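Contents: one structure, followed by commentary.
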Amino acid sequence: MPTGTLLLIDDEARLRQLLAQVLELEGYTVVQAPDAYRGLALLGQHAAEVLVVLSDVKLPDAHGVDLLPRFKALAPEAEVVLLTAFGTIPDGVRAMKQGAFDYLTKGDFEQQLVVVVERAAEKARLRRRVAELEKRMGQAHTFESMIGEAPALRRAQDLARQVAPTDSTVLLEGPTGAGKELFAQALHQASGRKSKPFVAVNCSAFPKDLLESELFGYKKGAFTGALADKKGLLEEANGGTLFLDEIGELELNVQAKFLRVLELQQFTKLGDTKPTSVNVRLVAATNRNLKQEAAEGRFRPDLYYRLSVFTIVVPPLSARPTDVPLLAAFFLQHFAARLAKRLPGFEPETLDLLQRYPWPGNVRELKNVLERAAILAPVGQPLAATYLPDEFHVGRPTPPLADDESLRGLEARHIRKLMGELSGNKPEVAKKLGIGLTTLYRKLQEYGVEG
């Protein structure tokens with residue numbers, strides 16, 4: 001059943017009370033005002049709770065369309081639905097241009113009003129969720145913002161918190177997609193360098209012949225095409241933290257230059273004769289066994305020992321299966337907000353499949369799976385296992401569908417069947433379907449089912 005607070009402004013007391021009663025039966029809390037003055041005062045008091053403002057156009061002390069900017073100023077995340085006994089096209093156009101969600105003509109419109117209000121409320125809820133996600137993203141690069149409670153993750157976090165305030169080099173080990181860059185950012189934010197730059201470099205993303213010049217920079221004329229001095233990423237990170245992801249991809253000659261950076265905080269640009277000094281903390285990451293790489297001659301042993309002063313193993317997702325539901329819920333909410341869709345959680349079978357899957361791509365793979373599922377899933381229903389990729393269904397029998405039957409078609413057919421069996425009793429149909437009455441009204445209208 002829908003929940004939330006609505007503000008209803010109308011000078012016709014009987015109509016206002018009737019509409020309030022209809023909306024309260026739908027599960028809303030309705031705050032009422034007889035004029036613009038008291039309506040604006042109530043909106044100011046309840047701005048944080050009000051999802052939708054329903055306002056008559058012709059009020060004793062104002063015109064509803066003229067009030068739109070003031071409603072938006074007081075409650076920018078709320079939607080506004082205007083009501084009028086005598087709708088005109090110019091007023092309707094002006095209202096929509098100024099940000100009204102809808103413009104309804106009074107009359108026998110209770111059913112239409114319920115559907116419009118629920119759509120407006122859903123849009124306001126999503127806007128608030130986006131704002132909350134953006135706020136969380138602003139705080140995302142901290143240990144506290146990491147999602148998960150598994151012991152393996154907690155151990156890695158505890159180690160990282162201890163080393164974060166120091167300037168010691170940190171080596172993060174773990175598989176691709178496990179969250180090594182998130183750890184690096186959290187280390188930076190928990191250090192005394194957090195107000196300075198955090199520069200991330202994926203060593204595998206650059207051609208080997210370009211990586212040296214990108215990292216260290218060069219002087220004009222150092223090689224063909226060097227038409228001006230270039231500051232390297234090491235200088236860009238001066239005072240802050242340089243994160244080298246996939247450090248095992250560095251060429252041996254570049255490794256030697258980095259050893260000098262770690263030991264002396266100096267390096268020489270291509271084409272320069274003088275060293276450049278920097279003050280940089282290095283955090284490196286790898287999905288390889290660098291100790292073995294060093295023993296086999298593919299990585300400098302002296303650089304490995306300098307990097308591994310403090311090693312933290314970031315656990316794969318397979319080592320923290322209890323965190324999968326938490327991460328899945330966060331990603332589903334994130335993508336639902338981005339897509340402006342209401343996706344209320346998961347069916348039990350879906351969560352079971354997510355937890356039993358081995359996640360070779362780790363958290364990054366989980367995020368991608370949930371983005372795909374959020375795009376495919378219908379609005380207002382828990383996420384079904386149907387929307388997971390094929391690899392989740394290997395060895396599981398799936399019921400056959402007719403060649404021309406879509407999921408929408410199945411749902412429409414089922415609703416028609418129930419409407420017939422229950423003689424059009426909408427509350428009973430909604431109960432059988434496990435959805436709210438407002439959602440049923442919307443689906444009846446969407447599928448053209450007579451009711």
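As the structure is a prediction and not an experimental result, all values here were calculated from the model. Residues: numbered from 1 along the sequence shown.
Here the closest non-hydrogen pair linking Glu246 and Asn287 is OE1-OD1, 3.2 Å. Residues Ala47 and Arg128 share a closest heavy-atom pair of O-NH2, 3.2 Å. Here the closest heavy-atom approach between residue Gly4 and residue Leu51 is recorded as CA-CD1, 3.8 Å. Residue Asp245 comes nearest to Lys180 through the heavy atom pair OD1-CE, 4.1 Å, listed as atom of the first residue, atom of the second, then distance.
Val52 is listed as a side-chain neighbour of Val81, based on a closest heavy-atom distance under 4.5 Å. Put simply, the side chain of Phe299 reaches to within 4.5 Å of the side chain of Leu307, judged on heavy atoms. Residues Leu83 and Val57 have side chains not in contact (no heavy-atom distance under 4.5 Å, counting atoms from C-beta outward). Two residues are said to be in side-chain contact when any heavy atoms from C-beta on lie closer than 4.5 Å; Thr84 and Leu104 fail this criterion. Using a 4.5 Å heavy-atom cutoff, the side chains of Leu383 and Glu347 are not in contact.
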Would you check, one step at a time, whether the test salt bridge (Lys or Arg N to Asp or Glu O under 4.0 Å) holds for Asp158 with Arg155? CA-CA 5 Å; Asp158 289 344; Arg155 284 194 295 272; over 6 Å; no

Would you list the atom pairs, donor with acceptor, under 3.5 Å between side chains in residues 190-198 and any protein atom, with sequence neighbours excluded?
from: Ser191; atom 1: OG; to: His188; atom 2: O; distance (Å): 2.7
from: Ser191; atom 1: OG; to: Arg193; atom 2: N; distance (Å): 3.1
from: Arg193; atom 1: NE; to: Asp167; atom 2: OD1; distance (Å): 3.1
from: Arg193; atom 1: NH1; to: Gly239; atom 2: O; distance (Å): 3.2
from: Arg193; atom 1: NH1; to: Gly240; atom 2: O; distance (Å): 3.2
from: Arg193; atom 1: NH1; to: Asn279; atom 2: O; distance (Å): 3.2
from: Arg193; atom 1: NH1; to: Asn279; atom 2: OD1; distance (Å): 3.4
from: Arg193; atom 1: NH2; to: Asp167; atom 2: OD1; distance (Å): 3.4
from: Arg193; atom 1: NH2; to: Asn279; atom 2: OD1; distance (Å): 2.8

Side chains of residues 322-331: which donor-acceptor pairs under 3.5 Å do they make with residues two or more places apart or in other chains?
from: Asp323; atom 1: OD1; to: Glu149; atom 2: N; distance (Å): 2.7
from: Asp323; atom 1: OD1; to: Ala150; atom 2: N; distance (Å): 3.2
from: Asp323; atom 1: OD2; to: Glu149; atom 2: N; distance (Å): 3.4
from: Asp323; atom 1: OD2; to: Ala150; atom 2: N; distance (Å): 3.3
from: Asp323; atom 1: OD2; to: Arg320; atom 2: NE; distance (Å): 2.9
from: Asp323; atom 1: OD2; to: Arg320; atom 2: NH2; distance (Å): 3.4

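With respect to Glu122 and Arg119, no salt bridge is recorded, no charged nitrogen being found less than 4.0 Å from a carboxylate O. Classification of Glu214 and Lys231 as a salt-bridged pair fails, no side-chain N sitting under 4.0 Å from a carboxylate O.
Of the options Leu42, Asp61, Leu59, a side chain to side chain contact (heavy atoms under 4.5 Å, CB included) to Tyr37 is made by Asp61 and by none of the others.
In this structure, Glu49 places its CD atom where more than 12 heavy-atom neighbours from other residues, nucleotides or ligands lie under 6.0 Å away. The 12-atom threshold is not exceeded at NZ of Lys367, counting heavy atoms of other residues, nucleotides or ligands nearer than 6.0 Å. Counting heavy atoms of neighbouring residues, nucleotides and ligands inside a 6.0 Å radius, atom CZ of Arg342 exceeds 12 of them.
One N or O on the side chain of Thr142 and one on the backbone of Ser145 form a donor-acceptor pair closer than 3.5 Å.
Applying the side chain to side chain contact (heavy atoms under 4.5 Å, CB included) rule to Ala374 yields the partners Leu332, Phe335, Leu339, Leu343; only residues at least two apart in sequence or on another chain are considered.
Between the side chains of Tyr28 and Glu118, at least one donor N or O sits under 3.5 Å from an acceptor N or O.
Taking the centre of each ring, Phe392 and Tyr387 stay at or above the 6.0 Å mark.
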